[in-house]
Asks: 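Pasting a structure here, questions to come.
Chain A is the first sequence line, chain B the second, and so forth, proteins listed ahead of strands; every chain is numbered from 1. In this text the structure is predicted, and so the values were computed from the model without any measurement.
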2 protein chains.
Amino acid sequence: MTERLVKAFLKPLQKEEGLNISGGKRGRITIHEVASAAGVSISTASKALNDTGRMGAETRERVKRIAGEIGYRPNALARGLLSKRSFTIGLLTNDTYGRFTLPVMAGISDALVDHGVSVFLCAIEDDPALAQTHVDAMLDKQVDGIIATGKRLDRRLPVDLSNLHVPVVYAFTEGTQNSVTFRSDDEQGARLAVEWLVKVGRRRIAHITGPEDFFSVRERAGAYHEVAGHREPVLYGVWSESWGHDAVEQLWKRPGEKPDALFCGNDQIARGAVDALRERGIKVPQDVSVIGFDNWEIVAAQTRPPLTTVDMELKELGRQAGLTVLALAEGRPVEPGVRKLPCRLVVRRSCGGKPPEE
Amino acid sequence: MTERLVKAFLKPLQKEEGLNISGGKRGRITIHEVASAAGVSISTASKALNDTGRMGAETRERVKRIAGEIGYRPNALARGLLSKRSFTIGLLTNDTYGRFTLPVMAGISDALVDHGVSVFLCAIEDDPALAQTHVDAMLDKQVDGIIATGKRLDRRLPVDLSNLHVPVVYAFTEGTQNSVTFRSDDEQGARLAVEWLVKVGRRRIAHITGPEDFFSVRERAGAYHEVAGHREPVLYGVWSESWGHDAVEQLWKRPGEKPDALFCGNDQIARGAVDALRERGIKVPQDVSVIGFDNWEIVAAQTRPPLTTVDMELKELGRQAGLTVLALAEGRPVEPGVRKLPCRLVVRRSCGGKPPEE
DNA sequence: GTCAAGTGAGAAAAGGTTTTCTCATGCAAT
DNA sequence: ATTGCATGAGAAAACCTTTTCTCACTTGAC
């Protein structure tokens, strides 16, 4: 029974009987192997492979060819030790569900993979000690930079990143003085939504949204008032379907004319609202248009009818944050400040209207 | 205007005018600083800090104290170069939404952070070239191991990890011959679900589930038949709310007795089913019990009524995968094979019945 | 007073790479 | 025949640790 037990990194060269379980770094090929296989010194080999230094074209080619043939790959640890660049960055987040973090992460990764940069993901759940542990671990590993991200624009992560000796970029979370921060332009996004409702012919547009203490809630409400006027009330609540449901109940219980459109603070609220309308026999989008916010596919696309909503372009946000932290790591100049990225309207079926021409 | 531009890693010691944007690794304290501050050689300093070698207790204490005071932290790159351990592992996934990856990641991180291990997250979207790029980048960085995870138990990642010289563990994805694979015990989970329905008094239990080509679908259906018998049909479809909705329509359009319980293949299907039942005026859980699978909080908890469902304990799965890859990296013996982890019943309100005693 | 054993601490090598410096060769110009 | 210079390639240092080896000194025993 214990015969099948295996050990990784056995000292003696074990017979590989299909035991691909183990690994064992023994075999890793170094530049020494390349050099001796090509009959040159390691310095020449290094220069050949990096296209630096002076040497005969034939030598350079031969070294490169041989390196390729024997499958040489430079050890990033050794390289990083010397160059002070680990080609590694850290992504710190307190967003457990990954609603915001995942798209941001995808963008970062997308932007940096071509530069050979890998990303440490550290999920800290609003736990300062855990956060510090993760930050320390990353600093020890000589990350080239850190991107901090969260689930809310107006809150800080529970750890101080302001005096690190590596660059820090904030994405979708509150940054510090003199830092670079990327965020969505919620005002513009809200305007996009309300203008679309106007464009499809709605006039009595109500706004059902999240808790008023969210900065983005106030920004969106501000833009809503600007475009829609003050004819309909703003209903503040929580970020849940059931609040969307309840809010519709409230609105339809009031005397007087009912809204003909609902601008909802996120897709979950919108979904709750759509459900409540259906239960009242009100047709979406024929009788009432409903628009969401976030473009959380899993909610927006599965609602019946699928939700027209505002996408915060978090992937693009991540991409830019990634390129920025890379620029800082390479010592390129970057202007500090808050960068607002525009949102995008995603037209599905909950408002009526046709998608804008491509 | 350009005065505010900043450069990271400026050669000359720049005045820090609150420019916490830049970083600049200049200041990093090495063991040389510790040694000279303590008036000992670097070898003595190293031995003092690592509690190895022989030396006077007083010297050891002094070195440790001074290291703490000046904030010394060993460079993991240099350490890794020598020890062949980078205290870094890679998590490879093709699950874009993170539905399965995030809990697994949380478990891995949770288990390994205390060991000083950080995790590279690599999202490859079924793109073999991208996957290879990521794997190469991780190998170059000398990861101690790789965990492969996916969105489906019976599919491989689009990259061959079978002959790497680092250990590989599979979690929630199909592994290779002679590898270690962790997966949920879907059969046991399904049994848990159906037995619960029986326990709350249901007898005509239908099963609405995903595509039959999913291995886990067949496993769950098998367990369902075992417990519930063959009185009611199994409806195979897709993993969406609308399928859940449609399936209920189908079931209730048939002549004869209707089911008094629905065992759904995932929470989204369950949610669609609940919605369809409500539209028909059928009360959940009074008239019909509905149970889901996955315990995807965002769906299960927001459904009205909140869904009773089966949790696959993915975090625990991640934890075990993390500990296993660590064990392999350290050369400890691990038995290859597939490990099935038990699921857990999460009782909410969609079935009636009381949660089991704590 | 000599020897063996034990103690505290430092010197040096190793790990894999990049980079700077040095050296030898060959060739053209004087 | 000597000088000057361009060229190709290697030696060695550096990055930061850990670990092994060596050395000097003290102590106790004969």
Asks: Counting the atoms with a prime plus P, OP1 and OP2 as sugar-phosphate, which does A/Ser46 contact under 4.0 Å by heavy atoms, base, sugar-phosphate, or nothing?
Replies: base
Asks: Once side-chain hydrogen bond (donor to acceptor under 3.5 Å, both in side chains) is applied, what residue pairs with a partner in residues 70-81 of chain A remain, sequence neighbours excluded?
Replies: A/Arg73-B/Asp140
Asks: Each nucleotide in nucleotides 4-11 of chain C should get exactly one letter: B, S or -. Can you fill that in based on protein heavy atoms under 4.0 Å?
Replies: ---BBBBB
Asks: Check whether the side chains of B/Ser43 and B/Ser46 place a donor and an acceptor atom closer than 3.5 Å, and report yes or no.
Replies: no
Asks: Please list all pairs passing the ring pair (Phe, Tyr, Trp, His ring centres under 6.0 Å) test where one or both residues lie in residues 102-124 of chain A, with sequence neighbours left out.
Replies: A/Phe120-B/Phe120
Asks: Sequence neighbours excluded, which residues qualify as salt bridge (Lys or Arg N to Asp or Glu O under 4.0 Å) partners of B/Asp126?
Replies: B/Lys151
Asks: Nearest-Å distance, CD (A/Glu58) to C1' (D/dA9)?
Replies: 13 Å
Asks: What pairs of residues pass the salt bridge (Lys or Arg N to Asp or Glu O under 4.0 Å) test when at least one of them lies in residues 157-169 of chain B, not counting sequence neighbours?
Replies: none
Asks: List in chain and number order the residues that pass side-chain contact (heavy atoms from CB on, under 4.5 Å) with A/Arg156, two or more places apart in sequence or in another chain; answer none if no residue qualifies.
Replies: A/Glu174, A/Thr176
Asks: Where along residues 64-81 of chain B does a heavy atom come under 4.0 Å from DNA chain C, residue by residue in number order?
Replies: B/Ala78, B/Leu81
Asks: Taking CG from B/Asp140 and P from C/dT18, how many angstroms apart are they, rounded to a whole number?
Replies: 11 Å
Asks: To the nearest Å, give me how far apart CG (A/Leu49) and P (C/dG16) are.
Replies: 16 Å
Asks: Which pairs, with at least one residue in residues 106-124 of chain A and sequence neighbours excluded, count as a salt bridge (Lys or Arg N to Asp or Glu O under 4.0 Å)?
Replies: A/Asp110-A/Arg319
Asks: Looking only at the side chains, is there a donor atom on one of B/Ser118 and A/Lys141 sitting less than 3.5 Å from an acceptor on the other?
Replies: yes
Asks: Please, which pairs that meet salt bridge (Lys or Arg N to Asp or Glu O under 4.0 Å) have at least one residue in residues 39-56 of chain A, sequence neighbours excluded?
Replies: A/Asp51-A/Arg60, A/Asp51-A/Lys64
Asks: Let's see if you can work this out: which of C/dT17, D/dT17, D/dC16 has an atom nearest to the side-chain heavy atoms of A/Thr30?
Replies: C/dT17
Asks: Residues in ring pair (Phe, Tyr, Trp, His ring centres under 6.0 Å) with B/Phe172, at least two apart?
Replies: B/Phe100
Asks: Suppose we screen for ring pair (Phe, Tyr, Trp, His ring centres under 6.0 Å). Which residues come up paired with A/Phe87, at least two apart in sequence or across chains?
Replies: none
Asks: If the helix axis at each end comes from five base pairs, how far does the helix from C/dG1-D/dC30 to C/dT30-D/dA1 deviate from straight, to 10°?
Replies: 70°
